[in-house]
Amino acid sequence: MRVHRYGTRAALVDLPGAAEVLGLDAALAADPPEGVEEVVPAARTVLVRFDPGRTTFERLVEQLSGRPLEPSPSHHGDELVVPVRYDGEDLAEVASATGLTEAEVVERHTGAEYRVAFCGFAPGFGYLTGLDPLLHLPRRSNPRVRVPAGAVAVAGEYAAVYPHPSPGGWHLLGHTPLAVWDTEREPPNLLAPGTTVRFTAT
């Protein structure tokens, strides 16, 4: 773990990978240090924003250094089950690129255990770890101008559900009717970091 100053009100923690990010995020959620106002996990870092009137950067570094980094059980309630109709535009292409049949792609996608590592790109867009290594593919060389809300996709080492219509370069495997992002709901995001997720075929 390496901790850097990030302006006058935040610290940026460098970690080896997503598992350690999830571990630190869970540890800080369970027992936040005095003065911490916000924790923002990312792929290999955790940003910790604090109130300089209640703590200091040096004190925060001491408190962070003793935190466990092991992956922990979800701290966002029960497992989220995402029903998917596997009829995505890229399903056949993913099958061809991986040497699997379309049915085997679906089997491997639904057979994995996922955890939301962090959110980015757009509000509610969660990056899910746990994707079967055989489904790791680079992003499409030609991104789409518009991907519909609910599209279930993979790219690199991650799986995702598009929370609302947006451009996108991920491979589309299918679609879910589940609204993972709804500003009229509290909380609006079903895919908050730390959430465990399972996909099921419908």
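In summary, E79 and R115 do not engage in a salt bridge, as defined by a charged side-chain N under 4.0 Å from a carboxylate O.
A chain of hydrophobic side-chain contacts below 4.5 Å, direct or via other Ile, Leu, Val, Met, Phe, Trp or Tyr residues, connects V39 to V3. V105 and V197 fall within a single hydrophobic cluster, where Ile, Leu, Val, Met, Phe, Trp and Tyr are joined by side-chain heavy atoms under 4.5 Å apart, directly or via other members. L173 and Y127 fall into different hydrophobic clusters, where Ile, Leu, Val, Met, Phe, Trp and Tyr are joined by side-chain heavy atoms under 4.5 Å apart, directly or via other members.
Side-chain contact check for V147 versus L172: some heavy-atom pair is nearer than 4.5 Å. Between F57 and Y6 there is no side-chain heavy-atom pair separated by less than 4.5 Å. Counting only heavy atoms from C-beta outward, the side chains of V152 and H109 approach each other to under 4.5 Å. Between R198 and E113, the closest side-chain pair of non-hydrogen atoms is not below 4.5 Å.
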Trace of the side-chain contact (heavy atoms from CB on, under 4.5 Å) decision for L190 with R185:
CA-CA 10 Å; L190 296 182; R185 183 179 59 211; 3.3 Å; yes
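The two residues F121 and P167 come nearest to each other via the heavy atoms CZ-O, 3.3 Å. Residues P83 and T176 share a closest heavy-atom pair of O-OG1, 2.6 Å.
Test Y158, F118, W170 against F125 for ring pair (Phe, Tyr, Trp, His ring centres under 6.0 Å) and you get one pass: W170.
Judged by distance alone, with hydrogens and angles left aside, the side-chain atoms of H175 form no donor-acceptor pair with the main-chain N or O of D87 at under 3.5 Å.
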